[in-house]
Amino acid sequence: MVTPVAGTAPQPAAGFAVDFRGVSHRYDLDGRPLPVLQQIDLTVQPGEFLALLGPSGCGKSTLLRLAAGLEKPVAGEAQADGAAISGPDPSRVLVFQDPTLFPWRSVRDNVAVGPQARGILAASQKRIDDALRLVKLDAFASAFPHQLSGGMAQRAALARALVNDPRLLLLDEPLGRLDSLTRLTMQEELLSLWRQARYTVILVTHDVEEALLLSQRIVVLTERPARVKAEVVVDLPYPRRRDDPRIVARRQEILETLGFSS
Amino acid sequence: MSVAVEQRDDSAALAPVLGGAVWRHGLIAAAAWIVAALVTVALPDVVPWGSRDLFAGSLLAGAAVLAVLAFLIGRVGRLSSWLVRYGPWFIALGVWFALWELITAKFGWLPKPFFSPPHGLLHVYVVDWQRLLICIAYTARLWSIGFAGGIVLGFVGGVALGWSKSFAYWGMPILKLIGPVPASAWIPATFFLFPTTFQASIFLVALASGIPVAILTASGINTVNRAYYDVARTLGADNRFLVLRVAIPAALPNVFVGLFMGLYYSFAVLVVAEMLGAKYGLGWYLQFQTAYSAYANVYAALVVMALICSGLVKLLFLVRDRLLGWQKGVVQW
């Protein structure tokens with residue numbers, strides 16, 4: 001149902017292996033340190049789809065910002081393929097909860113930001129069109145962001161990330177603001193995009209069910225400062241059904257870990 | 001009551017007027033302009049103002065054009081909606097010309113040296129057009145050099161202040177101290193500091209237009225959503241890209257607020273500067289003609305200034321709509 005981008009990507013780059021080695025991080029809040037991450041040790045396999053679950057405000061997004069290279073941890077190290085992550089790079093792309101499209105650029109020009117910033121705009125025209133087609137926005141290429149629905153805007157943000165052939169896709173609750181129907185469609189699309197390209201995905205979400213439907217492994221974090229609390233391997237074939245008894249059982253298990261015993 | 005209803009029917013009937021019939025307001029306007037022309041020629045002037053017949057002739061020509069348009073309204077394309085929209089204005093203009101003639105030239109109700117009839121203004125353009133053109137050219141030169149220099153420096157300075165912390169540390173306090181001082185307060189000092197009054201005037205116009213641009217550009221760049229920078233950085237943007245392709249476009253709506261403020265301030269200080277020490281220019285013209293009690297010339301120059309200034313404002317609006325078409329509500333589908 002989604003046209004593959006394979007024709008333009010000669011060899012889909014293998015996903016990054018991501019390692020968090022004893023990572024701690026804190027922010028300054030009115031001059032006082034606010035610890036957000038404490039001694040996180042976590043390994044993500046190349047091409048793995050990992051979900052991060054945890055109470056809101058626990059530091060999940062911070063972990064993504066460290067993996068994206070937007071911040072450096074106070075202690076420990078984040079690594080991609082064994083090399084320390086020292087700054088942002090288009091091979092590790094972050095998609096935010098807000099689509100954060102540049103409102104002064106058309107949809108197509110938004111998707112073109114990555115190639116343009118790297119000075120390969122002229123050579124990337126076809127890739128940009130393919131990325132737009134991949135997220136089914138080719139008819140809206142010349143529209144401006146304020147003319148898009150929430151789901152379309154998030155798909156445009158996804159195309160803007162995917163056009164760079166990322167080896168690590170960091171998704172910070174990318175579907176959090178969408179209505180439930182759009183959300184279901186987008187979940188399927190995320191899954192099929194990943195299954196074609198096989199980049200590594202780290203998905204931060206609040207939605208246990210979403211994590212179970214999409215990911216191969218779920219890491220549950222504690223309250224702030226976040227530590228790894230539990231890991232749940234979801235070794236079920238795709239596509240998954242939300243009423244599958246194995247999904248229901250794991251959902252129960254995770255909710256109990258998070259402190260809901262219903 | 002029934003009259004009011006009828007009038008409402010009339011305005012609702014404007015649409016069929018476009019369909020091939022006549023533009024009623026155009027006919028009424030033509031009649032009003034003819035009346036104004038008759039008033040102008042039929043009644044004697046209390047004192048001669050000159051160009052009376054030329055004015056009446058122009059009114060008649062205008063009336064003829066209006067009458068022709070009234071019958072061709074269905075065939076003038078996009079012009080027709082503009083004409084229909086401003087139909088009542090054409091009528092009002094005719095009425096206003098007639099009244100204006102009556103209270104100034106014909107009955108002399110208004111004190112004489114200070115008020116001029118419309119044909120008195122026209123006479124100024126007929127007699128003094130060369131000097132007016134020279135003044136317009138001088139004013140245009142002063143304004144365009146001063147405004148262009150001011151907004152370029154203000155914009156560049158504003159970007160630097162908004163982007164660089166060290167620039168902001170040293171620059172912001174100075175800008176905040178100097179910014180609120182009206183540019184005209186600098187006049188005594190600048191006429192000492194600059195070798196020529198022309199350069200002093202350019203400095204004043206540049207100052208008046210540059211400071212609001214600098215302040216609003218800086219604050220616009222300061223308030224850019226940080227997430228835009230995060231997105232751009234993860235996509236491989238360097239600092240140059242962040243400034244030129246993220247910060248500046250994001251701050252552009254603010255920059256335009258500054259440009260509009262700067263435009264108005266620049267007009268204000270321009271005229272004052274010209275009144276004080278220029279050899280030519282519209283401000284000088286106003287000053288010079290007032291000294292000779294040539295108030296018709298003063299009004300004629302004011303009309304020219306009104307047209308030029310509002311034209312420049314209109315031009316800036318067009319530029320803004322073009323550059324900021326991406327903003328909500330501005331985009332035309």
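Lettering follows sequence order; numbering is per chain, from 1.
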**Request:** Taking heavy atoms only and a threshold strictly under 4.5 Å, list by residue number the residues of residues 164-177 of chain B that touch chain A; give 'none' if the list is empty.
**Result:**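 The list, in residue order, is empty: none.
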For the [atom1] atom on [X], are there more than 12 heavy atoms of other groups (residues, nucleotides or ligands in this structure) within a distance under 6.0 Å?
X      : atom1 : result
B:W186 : CH2   : no
A:F49  : CZ    : yes
A:R224 : CZ    : no
A:Y27  : OH    : yes

**Request:** Return yes if some donor-acceptor pair links the side-chain N/O of A:D98 with the main-chain N/O of A:T100 below 3.5 Å, else return no.
**Result:**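 Pair absent, no side-chain N/O of A:D98 close to backbone of A:T100.
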**Message:** Which one wins on heavy-atom pair count under 4.5 Å against chain B: A:G69, A:P103, A:G114?
**Reply:**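 Top count of heavy-atom pairs under 4.5 Å with chain B: A:P103.
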**Closest heavy-atom pair and its distance - B:T190, B:A200** =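 The pair with the smallest heavy-atom distance is O-CB, 3.7 Å.
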**Message:** Please find the pair of heavy atoms, one from B:V246 and one from B:P249, that lie closest to each other, and give the distance.
**Reply:**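 Between these two residues, the closest heavy atoms are O-CD, 3.5 Å.
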**Item:** Any side-chain donor near an acceptor of the partner, B:T139 and B:E274, under 3.5 Å
**Value:**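 Yes - a donor-acceptor pair under 3.5 Å links their side chains.
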Can you tell which part of [X] gets under 4.5 Å to a heavy atom of chain B, answering side chain, backbone, both or neither?
X      : value
A:N164 : side chain
A:R65  : side chain
A:L170 : neither

With a 4.5 angstrom heavy-atom cut-off, is it the side chain or the backbone of [X] that approaches chain A, or both, or neither?
X      : result
B:R245 : both
B:D238 : neither
B:F241 : side chain

**Asked** With respect to A:L134, which candidate in A:L162, A:D129, A:L158 satisfies the side-chain contact (heavy atoms from CB on, under 4.5 Å) definition?
**Response**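 Of all the options given, the one that passes is A:L162.
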